[in-house]
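Chain letters run A, B, ... following the sequence lines, proteins first and then strands; every chain starts at 1. From a predicted model like this one, the values you see are computed outputs, not experimental measurements.
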2 protein chains.
Amino acid sequence: MKALYFDGEAQVIDLPTPSPAKGEALIRILKAGICNTDLEIMKGYMGFRGVLGHEFVGVVEECENSFLQGKRVVGEINCACHTCPICRMELPHHCTNRTVLGIQGRNGAFAEFVTLPEQNLHIVPDTVSDEIAVFTEPLAAAFRIPEQIEIASTDRIVILGAGKLGQLIAQVLYTHSKNLLCIGKNQWKLEVLKHLQIPTAHVDEPRERGAADIVVESTGSYGGFPRALELVRPEGTIVLKTTVAHPTAFDLSVPVINEVRVLGSRCGPFRPALDALAMGTVEVGAMITDTIELKDGVRALERATQPDSFKIMIEM
Amino acid sequence: MKALYFDGEAQVIDLPTPSPAKGEALIRILKAGICNTDLEIMKGYMGFRGVLGHEFVGVVEECENSFLQGKRVVGEINCACHTCPICRMELPHHCTNRTVLGIQGRNGAFAEFVTLPEQNLHIVPDTVSDEIAVFTEPLAAAFRIPEQIEIASTDRIVILGAGKLGQLIAQVLYTHSKNLLCIGKNQWKLEVLKHLQIPTAHVDEPRERGAADIVVESTGSYGGFPRALELVRPEGTIVLKTTVAHPTAFDLSVPVINEVRVLGSRCGPFRPALDALAMGTVEVGAMITDTIELKDGVRALERATQPDSFKIMIEM
C-alpha cells in the first residue's frame, strides 16, 4: 500500500498492508486530515518515525466484530494496554504502554490502510460526509474542555489562536458562554468565525489584562502561554492545548502569585463530536482549503505550512 | 526607628516611625521571621525596595478599634483597595491595587514598628509564644492548599522540598493523607520531619515516575517544576508554591499530554494556622536555628542563606 512516511523527512513509499492484531480492525482509509501535530512531529516532536496522520475516516475491511464489517468509521487514536496501573485507574488515554496513531509507536492514517483496536472505532452516521467526519478527532479534543472544567454562562472566555483547533474550541465553548472572544492573527481565518457570529479580535488589538475567567491557549506557538497569563484573571483557568517541540522559558512566579489554574488538555470524547457534526451544531466545511491525493502527500504537508492554507485533506 | 532596609543592598537604617492611615493600626514588632521570599527579593524578585519582612508578631500600639489596643497580633500581608473589579469579585488577596507587607509597595516587619489595616490583624492566643506565632503567616500558606483542592485520605502526595515552607505543608497535608512523602536534599532537615513520624526521602533516591496524585512544588528552585512533572500521574495535580526571580525553560507539552492540573498557590487563611499552632497539631519550634537582633539584621539575612541554618528569627 502507499503511505506517507516520516523518517527525518516525509516521503510517499510502498509498505506492506498491515495485518490487524487480535481485537483490531483493518480499515481502508477514505480521507484524512493534516493536523498541526503532524507538522510538529516533522520538527522533532515525540521523536516519531513512521506513517503520519491521526485524523481519518475509513471503511472497516476486516475485523472480528461482524457488526463493524463494512461500516464507515472514525477512530480514537490512543491504544491502551488495559493492564498497567494507569489503565486500572480508568485512565486508558494515559496508558503508560500506549501507542498513539501516527504519533507514538503506531503507523498512522496517511496510508491506504490502517489498523486500530475495534473498541476505538465509532460508526459515522450516513448524514455526515467523509470530509466532515475527518473533523471528529480534533472536534473531540475541543469537547474535552467542558469535560475538564465547569463553564458558567457568564464566564468570560478567551480563545488564543483561530487556527484549526482554536476554531473548533471557539464553536464548542460558544455553546456554553456567549461572553467569548477568539483572538487570532490571520484576518481571513477570523472571518470564518465571524460568519458563525462568534466574536473575534486581532492579536494586535490591545486587551484588558487579567479580565478573562478562562483562557484557552491553542496558538500552537511558544508565545501563547505568556499571553494567556496576561489575560487570565487571578484564580482563573488556563487550558493548554498547544504542544510544541521544544522547551521555552516561562516566568512561573506569575501563575503562583495570581493562583492561576493551568490545565493540560489533549484528546476528547468522540460521541459528542460526532453528534455535533451530525446535527450541524458545529460547522467545519469552511475550513477546508485543499484536498490532495495521497500520492502527492509530501506536497500536502508543504501546503499545510503555508499561511493561506487551512485544513488540508488527503484523499486516498 | 531601626529598620532593615533593602535598596539594592540590605542595611539597618533609621527611619521615622510610620503613622497609621485611616483604618490601620500601628504595631510594635516583637519578633519576625526570615522567609525565602525575602532572599528572592534581594535577588530582584518583585523589584521591591523598602523595609523587608512579612512574618511577624507584635503588639498593637495605636488603632481606632479599642478592642485591638494592646493586643498581641499577627497580620495578613495583602492590603486590598476593596473597590477594584478583582476586589468586587471577592478576591481581595489578588486586588489589582494591593500593597503587600515587605514585598510590594509597603514597608515590612523587619523594623521596630509597622502599620497594617486593622482588618488584617488576628489576635494571638496567650498559649502561643512569640516565636511560634511568627509561623502563622507561612503556616497559613500551607493551609491554602486544602482550600484549593480536595484531598482524599488515599491520595499519594509528594512534597518537593523540605525547607521551611515544605515542612509546614508536609505537616498540614499529613493530616489529610498518610500516603505522603516529603523529598528534600538536606538530611538534617529531613530528620526534623522524621521526628514527627512524617515519611521522607532524599532527593537522590530513585522514585517511581508518574505515580503521585498530588505533588506540591516547594523547593524554591528552578528544578522543582520539571521534577514535579516527572512524579505526578496523568490527570494529577501539581501545586506550585515556588516563586523565583527569573524565567526558566520548561517543556509545556508534558503537562498537556498528561493533562496535568497545575495550580498556583500563595497566601492562605490565618485562622486554621493559629488554631493549629495553639493546639500543637503543627510543630514548628524545632525549625528555629538562630535568633538575631534587628541591629544585626544584615547578618541575619546572610545567616539565612547558609545551608546549616533553618528558620532565622529577628528580635526587636
Q. Atom CG of A:Leu263 and atom OG1 of B:Thr237: how far apart are they, to the nearest 0.5 Å?
A. 8.5 Å
Q: Might you work through the side-chain contact (heavy atoms from CB on, under 4.5 Å) test for A:Asp213 and B:Met89, ending with a clear yes or no?
A: CA-CA 11 Å; A:Asp213 299 298; B:Met89 289 176 72; 4.0 Å; yes
Q: Work out which heavy atom in B:Val256 is nearest to a heavy atom in A:Thr242; give both atom names and the distance.
A: CG2-O, 3.4 Å
Q. Out of A:His93, A:Gln148, A:Arg144, which one racks up the most heavy-atom pairs below 4.5 Å with chain B?
A. A:Arg144
Q) Which answer fits A:Thr96, side chain, backbone, both or neither, if we ask what part of it has an atom under 4.5 Å from a heavy atom of chain B? A) neither
Q. Checking B:Arg209 against chain A: side chain, backbone, both or neither under 4.5 Å from a heavy atom?
A. neither
Q: Give the intermediate values and the outcome of side-chain contact (heavy atoms from CB on, under 4.5 Å) for residues B:Leu91 and A:Arg233.
A: CA-CA 10 Å; B:Leu91 298 171; A:Arg233 70 163 168 86; 3.6 Å; yes
Q. Are more than 12 heavy atoms from other residues, nucleotides or ligands located less than 6.0 Å from atom CD of A:Glu147?
A. yes
Q. What do you reckon, is CD of A:Glu208 surrounded by more than 12 foreign heavy atoms closer than 6.0 Å?
A. no
Q. Between A:Ile86 and chain B, which part of the residue has a heavy atom less than 4.5 Å away: side chain, backbone, both or neither?
A. side chain
Q) What is the distance from atom OG of B:Ser265 to atom CD1 of A:Ile257, rounded to the nearest 0.5 Å? A) 12.5 Å
Q) Is the number of heavy atoms from other residues, nucleotides or ligands under 6.0 Å of B:Glu150 CD greater than 12? A) no
Q. Nearest heavy-atom pair of A:Glu259 and B:Arg266: which atoms, and what distance?
A. OE2-N, 2.8 Å
Q: Answer with side chain, backbone, both or neither: which region of A:Arg261 has an atom nearer than 4.5 Å to a non-hydrogen atom of chain B?
A: both
